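These figures come from a predicted structure and were not determined experimentally. Values below: every heavy atom of this structure, side chains too, minus hydrogens, waters and symmetry copies.
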Amino acid sequence: MSSSKITERSELIKDNLDIKLSDKTMSNFLPNELVKRLNEQEGFDTESFNRVHEQGDKITSIRLNLWKQTTVPFENGKPVPWCDTSYYLPERPVFTLDPLYHAGCYYVQEASSMFIAHILAEIGLKNSATRALDLCAAPGGKSTLLASYLGSESLLVSNEVIKSRANILTENMVRWGTSNIVVTNNDPSAFSRLPGYFDVVMVDAPCSGSGMFRKDRDAIDEWSLANVKLCSDRQKRILAESLETLVTDGYLIYSTCSYSREENEDIVDWIQTEFTFESVPIALESDWDIEETKSSKHNAFGYRFYPHKVKGEGFFVAVLQKKAKQSTFNRKKIKIEKNTAPSNILADWTEQHAAHIPFMHGDNIHIFPKKYEEDLRWFQQVLYIKQAGTNIGKWTGRELLPSHDLACSIHIKTDLPAQDVTRDVALQFLRKESLAIADFPAVNAGWCLVRYKGTNLGWVKVLPNRINNYYPKEVRIMNL
């Protein structure tokens with residue numbers, strides 16, 4: 001080999017090494033193509049972005065269920081600035097060993113995504129009589145937030161297309177305890193059968209997940225530009241098949257946990273190009289360090305959360321208002337079958353029973369807001385429903401066998417037989433273990449609510465010589 005070729009080969013090796021070193025400098029483990037694209041944004045602090053991922057700090061935050069819990073059940077909690085019911089915790093406790101977690105007193109949710117609470121207040125939907133759809137709802141963080149902030153006069157449909165995730169969603173909504181929720185298990189296209197129905201639609205779209213890299217290192221290996229493109233196409237399909245369900249002037253809240261423009265600002269541009277929507281600005285406090293962005297084509301507003309700037313994970317959200325004239329479906333009254341549910345039972349087991357209707361599903365009695373009775377009939381015609389309202393128990397023909405859902409409900413009668421127990425006894429109950437009669441001195445016989453710090457955990461039945469534990473085996477504590 002000639003000396004010139006040796007020199008040329010050496011220079012080529014050196015150039016390749018420099019490129020690799022440059023890429024390594026860009027990020028020690030994050031996808032270089034992602035970091036390169038972020039670095040193209042004016043003023044983006046690549047060094048801080050890389051450092052916060054390398055440090056891998058874990059941020060833990062919870063949101064209170066004010067219907068059940070009004071004080072922070074942990075010491076030294078600090079408020080999340082954009083969500084007035086939420087707190088950062090100084091360290092992550094073992095939530096599985098906290099009975100209040102199982103009682104639905106709070107939800108463990110990523111802080112950035114709680115910005116939805118601020119959005120609802122800004123667009124005037126907080127505590128409103130609103131029909132809402134959470135289209136991609138599992139595991140339930142945004143649905144429980146929507147339920148709390150839209151208020152008890154609203155109606156929320158929480159949907160999840162994947163069956164196993166729909167089961168988890170149902171469990172979390174049962175814990176939250178409200179009766180104005182319908183959990184469905186449908187493809188987004190099913191909601192095109194309810195045109196012009198919902199006042200607000202939340203689409204937390206499936207995405208490439210780059211915003212969760214600090215929290216989930218395994219997601220880094222799964223990231224690719226091809227997957228970003230695949231997710232972008234999926235997001236467009238989901239939106240195209242569901243936007244018709246919004247009323248004229250209704251709001252779309254679109255979000256992802258991705259940093260890629262193809263899944264964020266470009267999707268917002270696509271919505272405005274293909275449909276008649278108007279971008280809605282959301283007021284921010286400067287010290288929140290949330291970055292307001294604009295889409296390239298329509299100059300639409302978007303909001304980005306970066307973990308080196310905010311105390312939370314990566315998140316994007318945008319709000320759009322539908323301006324197209326939207327026709328609706330035929331809302332003639334559907335013929336309602338005779339209701340065989342014994343309505344006199346409600347007064348024995350629930351508060352505010354005048355505001356609810358009972359209905360039978362198999363052998364079980366459910367309660368549902370009376371003002372939305374006709375809406376439920378419409379849903380039954382076009383959707384697969386996992387849960388509607390609150391299942392208060394099984395009707396034998398003579399008596400009600402109370403359900404776990406009723407124990408979790410905020411509508412349960414407050415003067416039913418109950419026993420407050422210690423943490424150790426509460427954990428025994430939650431493991432579905434045997435319980436001692438001595439721990440239930442307040443009740444001589446019959447159904448008894450197990451309470452921890454005044455909050456219902458579930459049911460036992462007190463018998464002369466034993467306690468029967470009725471905590472559902474499918475949600476019992478298994479490993480701790």
Side-chain angles (χ1 to χ4, degrees), residues 60-69 80 83 85-87 95-96 98 100-117 119-120 130-152 154-186 188 191 198 200-207 209 212 215-216 238 253-257 312-313 315 317 379 383-391 404-405 407-410 455 472 474-475 477:
T60 301
S61 48
I62 62 168
R63 180 171 39 78
L64 300 182
N65 182 350
L66 294 186
W67 285 304
K68 296 185 177 185
Q69 184 80 25
V80 175
C83 183
T85 60
S86 301
Y87 298 86
F95 291 113
T96 307
D98 181 14
L100 295 180
Y101 167 77
H102 297 276
C105 290
Y106 59 87
Y107 193 97
V108 184
Q109 186 176 6
E110 201 285 303
S112 298
S113 66
M114 296 182 196
F115 187 69
I116 304 302
I119 288 174
L120 294 175
T130 297
R131 291 176 171 90
L133 168 64
D134 187 358
L135 191 62
C136 311
K142 293 179 181 65
S143 276
T144 54
L145 186 151
L146 288 167
S148 291
Y149 280 83
L150 293 176
S152 58
S154 294
L155 175 62
L156 173 63
V157 177
S158 297
N159 180 69
E160 174 56 45
V161 65
I162 300 171
K163 185 176 180 179
S164 60
R165 287 171 58 82
N167 292 335
I168 295 168
L169 173 63
T170 302
E171 289 173 9
N172 283 323
M173 301 317 292
V174 164
R175 284 194 187 106
W176 212 244
T178 59
S179 63
N180 58 335
I181 295 173
V182 178
V183 179
T184 59
N185 179 204
N186 292 269
F191 291 91
F198 291 103
V200 59
V201 172
M202 173 85 222
V203 180
D204 185 40
C207 67
M212 304 303 287
K215 189 175 181 180
D216 180 10
I238 289 171
I253 303 174
Y254 174 78
S255 68
T256 74
C257 56
E313 304 307 322
F315 185 63
V317 65
F379 298 157
L383 300 173
Y384 176 70
I385 297 174
K386 291 279 295 181
Q387 173 91 355
T390 300
N391 173 11
H404 178 66
D405 300 28
C408 295
S409 174
I410 63 173
T455 302
E474 60 270 18
V475 295
I477 298 176

S.K.: May I ask you to decide if N186's main-chain N or O and Y384's side chain share a donor-acceptor pair within less than 3.5 Å?
M.R.: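 Here the side-chain-to-backbone pair does not exist.
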S.K.: Not counting sequence neighbours, which residues clear side chain to side chain contact (heavy atoms under 4.5 Å, CB included) with L64? List them please.
M.R.: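 Testing L64 for side chain to side chain contact (heavy atoms under 4.5 Å, CB included), a comparison that skips the adjacent residues, returns I62, L66, Q69, P73, Y87, Y106.
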S.K.: To the nearest 0.5 angstrom, please state how far the NZ atom of K386 sits from the CG atom of L169.
M.R.: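 These two atoms lie 9.5 Å from each other.
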S.K.: Enter the distance from K142:NZ to M202:CE here, rounded to the nearest 0.5 Å.
M.R.: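 Rounded to the nearest 0.5 Å, the NZ-CE separation comes to 5.5 Å.
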S.K.: Between CE of M114 and OG of S61, what distance do you get to the nearest 0.5 Å?
M.R.: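 Result: 3.5 Å between the selected atoms.
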S.K.: For the side chain of S154 and the backbone of T130, is there at least one donor-acceptor N/O pair under 3.5 Å apart?
M.R.: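 Confirmed, S154 side chain pairs with T130 backbone.
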S.K.: Checking side-chain hydrogen bond (donor to acceptor under 3.5 Å, both in side chains) for the pair T184/N159: CA distance, chi angles, key distance, verdict?
M.R.: CA-CA 5 Å; T184 59; N159 180 69; 2.8 Å; yes
S.K.: Under the 3.5 angstrom rule, does the side chain of K68 hit a backbone N or O of R175 as a donor-acceptor pair?
M.R.: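 Answer holds: yes.
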S.K.: When you compare the side chain of S113 with that of L145, does any pair of heavy atoms fall below 4.5 Å?
M.R.: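 Counting from C-beta outward, L145 and S113 never come under 4.5 Å.
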S.K.: Roughly how far apart are I385 CD1 and N185 CG, rounded to 0.5 Å?
M.R.: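 Rounded to the nearest 0.5 Å, the CD1-CG separation comes out at 11.5 Å.
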S.K.: Using a strict threshold of under 4.0 Å (side-chain N to carboxylate O), is an ion pair present between R165 and E160?
M.R.: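 A salt bridge links E160 with R165.
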S.K.: With distance as the sole criterion, is a donor-acceptor pair present between the side chains of Q387 and D405 under 3.5 Å?
M.R.: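 The answer is yes; a qualifying pair exists.
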S.K.: Kindly compute the distance separating CH2 (W176) from SG (C105), expressed to the nearest 0.5 Å.
M.R.: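 The distance works out to 9.0 Å.
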